[in-house]
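Working notes, structure below.
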Amino acid sequence: EKQGYEHFMLKEIFEQPKVLRDTVRGRISDDNSSVLLKDISLGREEIKKIKKLFITACGTAYHAGVVGKYVIEKLVRLPVEVDIASEYRYRDPIIDPDSLVIVISQSGETADTLAALREAHRKGARVIAVTNVVDSSIAREADDVIYTWAGPEIAVASTKAYTTQLIAMYLLALYFAEIRGTLQGSEINEILTSLRQVPGQVQEMLNDTAQIQDFAGQYARHENAFFIGRGLDYTVATEGALKLKEISYIHAEAYAAGELKHGTLALIVENMPVVALATQPALLEKMISNIKEVHARGASIIGVALEGIAEMEEVSEKVIYIPRTHPVLTSVLTVVPLQLLAYYMAVARGCDVDKPRNLAKAVTVE
Ligand code: M6R
């Protein structure tokens, strides 16, 4: 049932416009003025009382959680801690009844994420699960569930589940922002209007993958790569690097671009592929100077930038453009070329894309 695609992963990447729409459907008012999150029973007064938020998950779901932290702190002004689920309970986190814990899991069966949920309950916190599988263990044990409507994800490497998890993070952040009064109505409206356009923009990007296939062919023989970015772009860089490692076995590191010169710059050698994400207008100038630092050491820069940012051309070998959107929403778009790059590089290297070595789709051991 690959429907003509060579691999499930490619099929699932191409399903993203549809599943993003499915995940948004019914959750935004017709006039784009508010989020309708009927899924959760947590009342307005309870939402106002939350003092601290935790997000915990594994792997790609954890990376969606890091975007969640960034977005919720920015829009809701509520402190968020994000933890890898296998670390969470061992650090004895300071959770109390005014804390809300969000667990994210595509399968709803990941052992460490389930254990983190139980730890949160034991300490008296409420738990919201973001999951893709109805009636999974995590869905059953959580107090509330926000389902991602990604449909079955077969490829071990997560793609469409991640982007729908991001949508869930945005919806939750805007829902809380409205209730807690941290954003003006006009700002909510602007972001929701842009959010509605995102699935179509993902489709636009998928309509032309030739350029990415080209890069993939060109860089597939390398054994090392870097993904760099600042702010939201850094969080997406971590997911891009994971995707590349997982399916192509190329060693990839994601780095906060400003941190390179504190040690890692020593690894940048002639022709090293560096994927540089620069979609955040407020950070562009600093990002460009970080790109120049790696460029000066002979790295091959593949830039990912917002349409219209001409400065990237001067410092990059190639630039992949993403459609313009609200700066807080770029993650859903930026990850798409990174998914494709990983996919086509893995194919060029003859890897078993849908079933990478040593890995399982659902990790039910701790
Ligand atoms: O089912 P889950 O979302 O709980 O799974 C978490 C991770 O095991 C998963 O995202 C893993 O990192 C993916 N294979 C990455 O592509």
Side-chain angles (χ1 to χ4, degrees), residues 7-13 15-16 19 23 55-68 82-89 101-120 127-142 145-169 227 235-250 252 254 331 335-336 338-343 345-346 351-366:
H7 297 98
F8 280 108
M9 183 179 175
L10 191 63
K11 169 175 173 268
E12 290 163 6
I13 291 173
E15 279 171 350
Q16 288 179 113
V19 300
T23 301
I55 304 178
T56 181
C58 301
T60 286
Y62 167 76
H63 291 154
V66 183
V67 174
V82 52
D83 282 84
I84 291 170
S86 58
E87 292 290 318
Y88 189 56
R89 62 196 193 283
V101 178
I102 300 171
V103 298
I104 310 175
S105 174
Q106 186 284 127
S107 63
E109 302 297 344
T110 300
D112 279 306
T113 311
L114 184 57
L117 180 162
R118 289 179 178 156
E119 173 74 359
V127 178
I128 297 181
V130 174
T131 182
N132 196 40
V133 179
V134 176
D135 216 27
S136 54
S137 306
I138 287 174
R140 273 186 273 119
E141 290 197 27
V145 183
I146 301 175
Y147 283 108
T148 51
W149 298 117
E153 194 181 58
I154 309 291
V156 166
S158 182
T159 53
K160 61 177 181 169
Y162 172 75
T163 45
T164 56
Q165 286 159 357
L166 297 180
I167 297 289
M169 292 295 108
F227 289 74
T235 70
V236 179
T238 59
E239 174 59 9
L242 174 61
K243 237 40 349 147
L244 189 64
K245 288 183 269 206
E246 183 175 19
I247 60 168
S248 77
Y249 316 144
I250 294 171
S331 61
V335 76
V336 174
L338 308 190
Q339 295 169 338
L340 289 166
L341 197 63
Y343 173 78
M345 281 172 113
C351 298
D352 188 353
V353 173
D354 284 335
K355 287 194 170 53
R357 66 188 180 207
N358 309 338
L359 299 174
K361 183 65 184 162
V363 183
T364 51
V365 291
E366 289 186 20

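Starting from 1, each residue takes its place in the sequence as its number. For ligands, and for the atoms within them, numbers begin at 1 and follow the listed sequence. Quick caveat, the model's predicted, so the values are computed rather than measured.
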Of all residues at least two apart in sequence or in a different chain, which pass the side-chain hydrogen bond (donor to acceptor under 3.5 Å, both in side chains) check with Lys361? Glu153
Between the main-chain N or O of [Y] and the side-chain N or O of [X], is there a donor-acceptor pair closer than 3.5 Å?
X	Y	answer
Lys243	Thr238	no
Asp112	Ala85	no
Thr56	Ala116	no

Could you give all pairs that pass the side-chain hydrogen bond (donor to acceptor under 3.5 Å, both in side chains) test and reach residues 132-141, with sequence neighbours left out? Gln106-Asn132, Glu109-Ser137, Arg118-Glu141, Asn132-Thr148
Present, as a list of atom pairs with distances to 0.1 Å, all nitrogen or oxygen contacts under 3.5 Å between ligand 1 and the protein.
residue, atom, partner, partner atom, Å
ligand 1, 1 (O), Ser107, N, 2.8
ligand 1, 1 (O), Ser107, OG, 2.7
ligand 1, 1 (O), Thr110, OG1, 3.4
ligand 1, 3 (O), Gln106, N, 2.6
ligand 1, 4 (O), Ser105, OG, 2.6
ligand 1, 4 (O), Thr110, OG1, 2.4
ligand 1, 10 (O), Thr60, N, 3.1
ligand 1, 12 (O), Thr60, N, 3.2
ligand 1, 14 (N), Val156, O, 2.9
ligand 1, 14 (N), Glu246, OE2, 2.6
ligand 1, 16 (O), Thr60, OG1, 3.3
ligand 1, 16 (O), Ser158, N, 2.9
ligand 1, 16 (O), Lys243, NZ, 2.9
ligand 1, 16 (O), Glu246, OE1, 2.6
ligand 1, 16 (O), Glu246, OE2, 3.2

List for me each residue that meets salt bridge (charged side-chain N to carboxylate O under 4.0 Å, His left out) alongside Lys11, sequence neighbours excluded, and say none if there are none. Glu15
